[in-house]
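This report concerns only the one structure given below.
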Amino acid sequence: MPRKLPISLTPNDWLRAAFVQLAAAGVQAIKAEVLAKQLKTTKGSFYWHFKDVPTFKAEMLKLWEAEATRSIMLAVTSSAPPGPQRLRVLAQIVSQMNAENDYGGLRAEPAIREWARVELQAATAMRRVDSARIAFVKKLFVECGMAAREARLRAELFYSGFLGLQAMAAIKPIDVGLRMGELLKLLL
């Protein structure tokens, strides 16, 4: 009987495992050995895909920035015409983020925010993401006919509400969608 070859891991397999580990145990747990054990493989597999752990962490942040920001913006702008409907779509998308997905679920972003408190590259990525998200939400409020200053304030309130609800939902199940919808009604 021929021997089964092990399934090759992809860089994305390592990144997914790292987000789960980050969400569960914090940035200090992002180590090649820890992830290899989690994936039931050797550290050599890690180093086959990534030069070192700092490079790997940079890839994590790049993936998070793309998936948790740019892909959501694209989904919103491609699924609704300018105006309040885009804000509703955004509220729906962010409230449907799965509590237990392949990338650490609702605990991943609070873990990234904690990471940003201790490592400069994470703090830099966090600032970029926060700025991009607020600018995007501001644009959506402007599309609803609000002046730029008012739109900026409402964007910050919307985003702060999202972050707070996300942090709450990571600890105790709550209906984020209902709360985001109510917050949006107040802001419109």
Side-chain angles (χ1 to χ4, degrees), residues 9-39 41 43 46-47 49-73 75-76 90-138 152-153 155-180 183:
L9 294 172
T10 67
N12 200 52
D13 293 327
W14 286 97
L15 291 165
R16 188 175 26 253
F19 278 106
V20 170
Q21 191 66 26
L22 174 69
V27 69
Q28 67 280 1
I30 305 302
K31 297 178 181 168
E33 187 172 334
V34 171
L35 296 172
K37 186 180 271 191
Q38 183 180 338
L39 291 169
T41 191
K43 286 193 310 184
F46 175 88
Y47 290 108
H49 296 292
F50 303 98
K51 175 183 167 190
D52 54 27
V53 174
T55 302
F56 178 70
K57 287 179 176 180
E59 288 298 314
M60 286 179 68
L61 292 168
K62 187 172 144 186
L63 177 64
W64 168 69
E65 193 169 349
E67 293 300 316
T69 303
R70 289 189 297 269
S71 67
I72 292 172
M73 292 174 183
V76 169
L90 176 60
Q92 182 180 31
I93 288 171
V94 299
S95 65
Q96 290 177 344
M97 292 177 165
N98 192 343
E100 296 302 325
N101 70 21
D102 287 347
Y103 291 90
L106 292 172
R107 295 178 192 264
E109 187 149 332
I112 294 169
R113 289 187 176 281
E114 187 59 33
W115 178 8
R117 292 171 27 91
V118 298
E119 286 189 20
L120 180 60
Q121 76 173 349
T124 301
M126 182 63 61
R127 281 191 295 277
R128 256 192 331 268
V129 165
D130 285 345
S131 293
R133 288 174 175 176
I134 290 170
F136 179 71
V137 177
K138 174 188 172 189
R152 170 77 185 195
L153 175 63
E156 289 171 350
L157 292 170
F158 179 91
Y159 188 54
S160 298
F162 162 68
L163 293 177
L165 288 168
Q166 185 182 49
M168 289 171 60
I171 296 167
K172 176 184 172 195
I174 61 170
D175 188 340
V176 175
L178 174 69
R179 287 162 178 80
M180 286 300 295
L183 176 60

Any heavy-atom pair between the side chains of Trp64 and Met60 that's under 4.5 Å? no
Between Ile134 and Val137, is any pair of side-chain heavy atoms under 4.5 Å apart? no
Side-chain heavy atoms of Val53 within contact of Lys31, under 4.5 Å: no
Residues which pass ring-ring contact (aromatic ring centres under 6.0 Å, His included) with Phe136, listed by chain and number, not counting sequence neighbours: none
Could you measure the distance from the CE atom of Met73 to the CZ atom of Arg133? Nearest 0.5 Å is fine. 7.5 Å
Nearest 0.5 Å, what's the CE-CG distance between Met126 and Leu120? 13.0 Å
With a 4.5 Å cut-off on side-chain heavy atoms, are Trp14 and Thr41 touching? yes
Contact summary for Ala123 and Ala116, nearest pair of heavy atoms: CB-O, 3.3 Å
Taking salt bridge (charged side-chain N to carboxylate O under 4.0 Å, His left out) as the definition, give me every residue that meets it alongside Arg128, ordered by chain and number, with sequence neighbours left out. Glu65
Side-chain atoms of residues 171-178: list all donor-acceptor pairs with protein atoms under 3.5 Å, sequence neighbours left out, distances to 0.1 Å.
unit_1, atom_1, unit_2, atom_2, d
Asp175, OD1, Gly177, N, 3.2
Asp175, OD1, Leu178, N, 2.9

Arg179 side chain vs Gly161 backbone, donor-acceptor pair below 3.5 Å: no
Which pairs count as salt bridge (Lys or Arg N to Asp or Glu O under 4.0 Å) when at least one residue sits in residues 115-126, sequence neighbours excluded? Lys57-Glu119, Glu114-Arg117
Thr69 side chain vs Ala66 backbone, donor-acceptor pair below 3.5 Å: no
Rounded to the nearest 0.5 Å, what separation is found between the CG atom of Leu22 and the CG atom of Leu35? 10.0 Å
Taking Arg16 first and then Asp13, would you say they form a salt bridge - that is, a charged N and a carboxylate O separated by under 4.0 Å? yes
Worked check of side chain to side chain contact (heavy atoms under 4.5 Å, CB included) between Arg113 and Asp130: CA-CA 11 Å; Arg113 289 187 176 281; Asp130 285 345; 2.6 Å; yes
Are Glu33 and Lys37 ion-paired here, with the side-chain N under 4.0 Å from a carboxylate O? no
Quick one: closest heavy-atom pair of Leu61 and Ile112, and the distance? CD2-CG2, 4.3 Å
So which atom in Gln121 and which in Pro54 form the shortest heavy-atom distance, rounded to 0.1 Å? NE2-O, 3.7 Å
Taking ring-ring contact (aromatic ring centres under 6.0 Å, His included) as the definition, give me every residue that meets it alongside Phe50, ordered by chain and number, with sequence neighbours left out. Phe46, Phe56
Closest approach of Ala23 to Ala111 (non-hydrogen atoms, all atoms of both residues): CA-CB, 4.1 Å
What pair of heavy atoms forms the shortest contact from Ile30 to Ala18, and how long is it? CD1-O, 3.2 Å
For Phe158, all residues meeting ring-ring contact (aromatic ring centres under 6.0 Å, His included), sequence neighbours excluded: none
Are Thr124 and Arg127 close enough that some pair of their side-chain heavy atoms sits under 4.5 Å apart? yes
Approximate separation, where rounding is to 0.5 Å, of Lys138 NZ and Leu153 CG: 11.5 Å
In short, Met180 meets Ala91 closest at the heavy-atom pair CB-CB, 4.1 Å
Answer yes or no: is there a side-chain heavy-atom contact under 4.5 Å between Asn12 and Leu63? yes
